[in-house]
Q: 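A single structure is presented below for examination.
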Amino acid sequence: MKRFIFLLLLPLIMLGWLSTSLYTVDFTEYAYVTRFGQPVGTFDGSAQAGLRVKCPWPIDSVWRVDRRLQSFDLPTTEALTRDPASGTVDKTLAVDAYVSWCIPDSDAADRFLRSVGTVPAANKILTPQLTGKLAAYVSASSLDQLLSVALPTEAEKRADEFQKQLLTSELKDKVLREYGIELVTVRVRRLSYPEAVRTSIYERIRSERARKVAEYENQGRREANAILIKAEQERRKIEAEAKARKQTIEGLADVEADRLRNEAHSKNPEFYAFLQRLKSVQSILADTRDVLLLSLNHDLFKLLKEPPKEKP
């Protein structure tokens, strides 16, 4: 009975064992085939994708590695910036960046699997090399170069310059030669102050802004005082000129009035005297609210009843 069961299962076991000789290569991966631990070949999915045959397990084994672009975030790096004026240390910045890399070809995949093996291991190898260069670049730059506001085209140029400084040909050749990794991009995600010093920095910014506000207010008061002083001088000048002009006009008017009075007096002295007396009475009556009881024989009524006649 046992022999019958064994003979029944043996074809299934053989079929399952032989099925391990078939494997597929996906378009997004490299397939690395080894025979008893020794490499047999590396197949690139971009050109050799599809069903393939190998010796059954455990004679041949297939290791797979992704050929697509890989990205990971570098740990936050704290670095000191440089003061361009004095050349001394200025402020501490926390830099967040990310890295993109890939395995370019079959030979690189062979080196990658021999030296690294997995994507997390590759990220672990690249991290210290890139964070060191990142800290060195930030330390050699001023705060204005890193944080100044720029146009999109200018910002893109700065990002390219940043990548150029980090991804040197020496570093790219080294990781490709030793690990089969091609570094593609390194970009800054965020620049900020470390959490430990943010409160003090914010207080410093507030005090600096308050100092600027006080300076602007003092400058505004000085300019306002200067404007008021100038306006007062202009007012006094205009008033002096107006008074001088008024006196001139009044003097000319008095001269003209005297001329007219003399002329009128010379033509009819009696009528002129009548007008002057009438004017005096008018001024007396205008300056008082008293009630006057006068007789009809008063000189005033006599003056009104019998005014002098104007000479022809």
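Just so you know, these numbers come straight off a predicted model, no measurement behind them.
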Q: I'd like to check Leu126 versus Trp101 (side-chain heavy atoms, cut-off strictly below 4.5 Å). Are they in contact?
A: yes
Q: Mind checking side chain to side chain contact (heavy atoms under 4.5 Å, CB included) for Leu69 and listing every partner two or more places apart, or none if nothing turns up?
A: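 Scan of Leu69 (side chain to side chain contact (heavy atoms under 4.5 Å, CB included), adjacent residues dropped) gives Ser100, Cys102, Val184.
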Q: From Thr28 OG1 over to Arg64 CZ, what is the distance, rounded to the nearest 0.5 angstrom?
A: 9.5 Å
Q: For the residue pair Ile103 and Glu182, establish whether any side-chain heavy-atom pair is separated by less than 4.5 Å.
A: no
Q: I would like to know whether Arg236 and Glu239 meet salt bridge (charged side-chain N to carboxylate O under 4.0 Å, His left out); could you show each step before the answer?
A: CA-CA 5 Å; Arg236 292 179 179 178; Glu239 285 185 352; over 6 Å; no
Q: Just jot down the side-chain hydrogen bond (donor to acceptor under 3.5 Å, both in side chains) partners of Tyr179, sequence neighbours excluded, or say none.
A: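 In terms of side-chain hydrogen bond (donor to acceptor under 3.5 Å, both in side chains), with neighbours along the sequence ignored, Tyr179 is linked to no residue.
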Q: Could you pull out the closest heavy-atom pair between Ala122 and Phe112, with the gap in Å?
A: CB-CE1, 3.6 Å
Q: For Glu208, check salt bridge (Lys or Arg N to Asp or Glu O under 4.0 Å) against everything at least two apart and list the hits.
A: Arg211
Q: Looking at every heavy atom in both Val175 and Gln129, which two are closest together, and how far apart are they?
A: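 Minimum heavy-atom separation between Val175 and Gln129: CG1-OE1, 4.1 Å.
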Q: Looking at Leu176 and Ala108, what are the two nearest heavy atoms and their distance?
A: CD1-CB, 4.4 Å
Q: Closer than 3.5 angstrom, by distance alone: can the side chain of Thr34 be matched with the main-chain N or O of Tyr32 as a donor-acceptor pair?
A: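 Checking the backbone N and O of Tyr32 against the side chain of Thr34, no donor-acceptor pair under 3.5 Å is found.
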Q: Decide yes or no for Ser106 and Phe43: does some side-chain heavy atom of the first lie under 4.5 Å from some side-chain heavy atom of the second?
A: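 Not in contact.
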Q: Can you give me every donor-acceptor pair (side chain of residues 243-250, partner residue at least two apart or in another chain, under 3.5 Å) with its distance?
A:
| from | atom 1 | to | atom 2 | distance (Å) |
| --- | --- | --- | --- | --- |
| Thr248 | OG1 | Ala244 | O | 2.9 |

Q: Any Lys/Arg nitrogen of Glu234 or Lys230 sitting under 4.0 Å from an Asp/Glu carboxylate oxygen of the other?
A: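 A salt bridge is absent here (no side-chain N lies under 4.0 Å from a carboxylate O).
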Q: Does any non-hydrogen side-chain atom of Ser61 lie less than 4.5 Å from one of Val33?
A: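 Counting from C-beta outward, Val33 and Ser61 never come under 4.5 Å.
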Q: Between Val99 and Leu74, is there a side-chain heavy-atom distance shorter than 4.5 Å?
A: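 Yes, at least one pair of side-chain atoms sits under 4.5 Å.
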Q: If you look only at pairs with a residue in residues 168-180, which of them pass as a salt bridge (Lys or Arg N to Asp or Glu O under 4.0 Å), with sequence neighbours excluded?
A: none
Q: Minimum heavy-atom separation for Asn123 to Thr127, with atom names?
A: O-OG1, 2.7 Å
Q: Go through Ile125 and Val116 one step at a time and tell me if the side-chain contact (heavy atoms from CB on, under 4.5 Å) criterion holds.
A: CA-CA 8 Å; Ile125 290 172; Val116 181; 3.9 Å; yes
Q: Determine whether Leu171 and Lys133 make a side-chain contact, defined as any pair of heavy atoms from C-beta on separated by less than 4.5 Å.
A: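 Yes. Closest side-chain heavy atoms under 4.5 Å.
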Q: Identify, with sequence neighbours excluded, every residue that meets side chain to side chain contact (heavy atoms under 4.5 Å, CB included) alongside Arg35.
A: Val40, Cys55, Ile59, Asp60
Q: Kindly write out the residues that satisfy side chain to side chain contact (heavy atoms under 4.5 Å, CB included) with Arg209, not counting sequence neighbours, or none if the list is empty.
A: Ile205
Q: For Val119 versus Gln70, what's the shortest heavy-atom pair and its separation?
A: CG1-OE1, 3.9 Å
Q: Quick one: which residue pairs count as a salt bridge (Lys or Arg N to Asp or Glu O under 4.0 Å) with a foot in residues 97-111, not counting sequence neighbours?
A: Asp110-Arg114
Q: Mind checking salt bridge (Lys or Arg N to Asp or Glu O under 4.0 Å) for Asp73 and listing every partner two or more places apart, or none if nothing turns up?
A: Arg189
Q: Could you tell me whether the side chain of Asp66 reaches within less than 4.5 Å of the side chain of Glu29, counting heavy atoms only?
A: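 No - every pair of side-chain heavy atoms lies 4.5 Å or more apart.
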Q: What's the shortest heavy-atom distance between Ala135 and Thr77, and which atoms?
A: CB-CG2, 3.9 Å
Q: With sequence neighbours excluded, what pairs up with Glu217 under the side chain to side chain contact (heavy atoms under 4.5 Å, CB included) test?
A: Val213, Arg221
Q: Would you list the pairs meeting salt bridge (Lys or Arg N to Asp or Glu O under 4.0 Å) in which at least one residue belongs to residues 38-48, sequence neighbours left out?
A: Asp44-Arg67
Q: State which residues pass salt bridge (Lys or Arg N to Asp or Glu O under 4.0 Å) with Glu256; sequence neighbours excluded, sorted by chain then number.
A: Arg259
